[in-house]
Amino acid sequence: MIGLLIKDIYYMKKSVITYGFIIVVLSIYAYIRNYQMMVICILPIVCSTLIISGIRSDLNMKWKEFSLSMPLTRFETKISKYIEYLVLCLMGALIGLLIGIIGTIIKDNMVIDIVLTYMITGLVISLLSGAFLLYLINLFGGEKGERIDILMIAVYISVGGIYVGTIKLLHTYFSFDNQILNFILLGISVILFVISATMSTLDFKIARKE
């Protein structure tokens, strides 16, 4: 399992410079435009998309066929992607939180409740997107590798749109405390992420029995 994580980290490092540049540009833009909260929300989403670099590298190197000759189970191969995705989400959330807090302190406009709301929003969208994206990739396999980028964009846009629409709908017809609602949605996203990981591994266990 650890070897799989190291392998993907090695592949992902090729994209780190590009993502680092994006983070710097976003941070500068947010500071100039006074949109520090935007960084807190967006960075978990941006960092989570790094998983695609590892998946694309696996497809290009035909890792699936190569791994058959190694002492690895399909469970380890698939669950490692979920672990990596979760780590990337949390890493993005921490970096975004740090940059956002520094920016709001400099601007002297920090409100803890707002900071938490934007951080949780970024985590919810990235976790929900990951739950659907990774399951769909596992379901269709490497044969659809050339469409992964399109699939990723479609999933993130769809999840983001549904999330925003749901929040507006709930606030229109119900009276919810923002923080309570945020933590409920975060809990739901974590549960769906775990369900997605479980379903992906169960699919392969069933396939092996057949």
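For E84 against I51, the heavy-atom pair with the smallest separation is OE1-CD1, 3.4 Å. Closest approach of Y82 to S200, counting heavy atoms only: OH-OG, 2.8 Å. When all heavy atoms are compared, the tightest approach of I120 to N182 is CG2-O, 3.4 Å. Taking all atoms of both residues into account, the shortest heavy-atom contact from K81 to L134 is O-CD1, 4.1 Å. Heavy-atom minimum distance, M152 versus I52: SD-CG1, 3.2 Å. Pairing each heavy atom of S126 with each of C89, the nearest pair is OG-SG, 3.5 Å.
Taking 4.5 Å as the limit, some side-chain heavy atom of L136 sits within range of a side-chain heavy atom of V155.
Note: S129 OG to I157 CD1 = 10.0 Å, rounded to the nearest 0.5 Å. Between L128 atom CG and L133 atom CG the span is 12.0 Å, to the nearest 0.5 Å.
Of the listed residues (L127, V194, V190), just one forms a side-chain contact (heavy atoms from CB on, under 4.5 Å) with L86, and that residue is L127. A side-chain contact (heavy atoms from CB on, under 4.5 Å) with L185 holds for exactly one of L123, I180, I125, I167; it is I167.
L169 and V124 fall within a single hydrophobic cluster, where Ile, Leu, Val, Met, Phe, Trp and Tyr are joined by side-chain heavy atoms under 4.5 Å apart, directly or via other members. Criterion: ILVMFWY side-chain heavy atoms under 4.5 Å apart, direct or through other members. Under it, L94 and I45 are not part of a common hydrophobic cluster.
When hydrophobic residues (I, L, V, M, F, W, Y) are linked wherever their side-chain heavy atoms come within less than 4.5 Å, I162 remains an isolated member.
Between the side chains of Y156 and S48, a donor-acceptor pair is found at a separation under 3.5 Å.
Remark: side-chain polar atoms of Y85 are paired, donor with acceptor, to backbone N or O of G130 under 3.5 angstrom.
Considering only residues two or more places apart in sequence or on other chains, Y163 meets the side-chain hydrogen bond (donor to acceptor under 3.5 Å, both in side chains) condition with T121.
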